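Below is one structure; the comments refer to it alone.
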Amino acid sequence: MATKTAEGAGTGTGAGTEARKDDETTAAVDARDGRAGQETAEEQVPDAAQEEASAEAASGEHGEDGEDGEDGDATEAAGGKASSGVGQGAGAVVSAALGLVSLSGGWIGTVASAREQLVGQLQTSSTASVARQIKEVYGDAWHTTALWAGLFALAALVTGVVVLVRPAFGAPGRPQAPWIRSVAWAGVSLGVIGLLLAVLKYSDALLGLPSAG
């Protein structure tokens, strides 16, 4: 009976020892697994941070590209607007200048008139009537001056009208500068006046040839 008790006690002691060993082994495995999990989490954190930084950099590049695109579009629009304004302003000034030339005759009209007068003198004999001499020497020269003045006036009128109607064929909602419209209207007005005077002079309704009497 004592022997059985001793054997039971020994068996119990051995079982307890083995149970403790199993517990220690399980704890060691759990601790190792915990360390491994922690290391894996630590490795994943930098990876996640790196991915987030890459995403922010990519979004920043896209944003910069968008801003560059908007700046480029704004620059192109400003350049187109400036170019259109410069062209219209130049056309308005040219129209006004042509209108002034139509009133004064210009050097082309003066040279043409002098040439016509010279031709009249060469083609008219000294025995011709006074009325014929006046017409050939002076009348044709004055008509030539009026003709060139009318051409300049017509050019001023057409140029001014083109400048005034140009915004209707351009970008909608883009107003024309007030000074451009003012100068263009001045050119149109001078062109109308010059054309009217040229017609009156060419038809001898204004400052006609004197009577040879």
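Keep in mind it's a predicted model, so treat the numbers as computed, not measured. Index from 1, following the sequence.
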Ser203 (side chain) donor-acceptor with Val199 (main chain) under 3.5 angstrom: yes
Verdict with reasoning, Thr145 to Thr110, per side chain to side chain contact (heavy atoms under 4.5 Å, CB included): CA-CA 7 Å; Thr145 302; Thr110 302; over 6 Å; no
ILVMFWY network linking Val101 to Ile193, side-chain heavy atoms under 4.5 angstrom: no
Over 12 non-hydrogen atoms of neighbours within 6.0 angstrom of CH2 in Trp142: yes
Cluster link Val137 to Tyr202, ILVMFWY, side chain under 4.5 Å: no
Considering all heavy atoms, the nearest Gly187-Ser95 contact: CA-OG, 3.3 Å
N/O donor-acceptor pair under 3.5 Å between Ser102 side chain and Phe152 backbone: no
Student check: side-chain heavy atoms of Gln176 and Val163 closer than 4.5 Å: yes
Atom of Asp204, atom of His143 and distance for their closest heavy-atom approach: OD1-NE2, 3.0 Å
Spatial distance of atom CG (Asp140) from atom CZ (Arg115) [nearest 0.5 Å]: 12.0 Å
Nearest non-hydrogen partners of Val183 and Ala92, listed with the distance: CG1-O, 3.2 Å
Within 6.0 angstrom of Trp179 CH2, more than 12 heavy atoms from elsewhere: yes
ILVMFWY cluster, Leu103 and Trp107 together (side-chain gap under 4.5 Å): no
Rounded distance [0.5 Å steps], CG in Leu196 versus CG in Leu206: 9.0 Å
Same apolar cluster: Val111 and Leu118, side chain cutoff 4.5 Å: no
Glu136 CD to Glu116 CD distance, which is reported to the nearest 0.5 Å: 8.0 Å
Ala149 versus Ala198, closest heavy-atom pair with distance: C-CB, 4.2 Å
Sub-4.5 Å side-chain heavy-atom contact between Gln88 and Pro167: yes
Path from Val165 to Leu98 over hydrophobic side-chain contacts below 4.5 Å: no
Thr159 side chain vs Ala156 backbone, donor-acceptor pair below 3.5 Å: no
Spacing of OG belonging to Ser189 relative to CG belonging to Leu157, to within rounding of 0.5 Å: 9.5 Å
Test side chain to side chain contact (heavy atoms under 4.5 Å, CB included) applied to Gln117 and Thr144, step by step: CA-CA 10 Å; Gln117 184 176 1; Thr144 301; over 6 Å; no
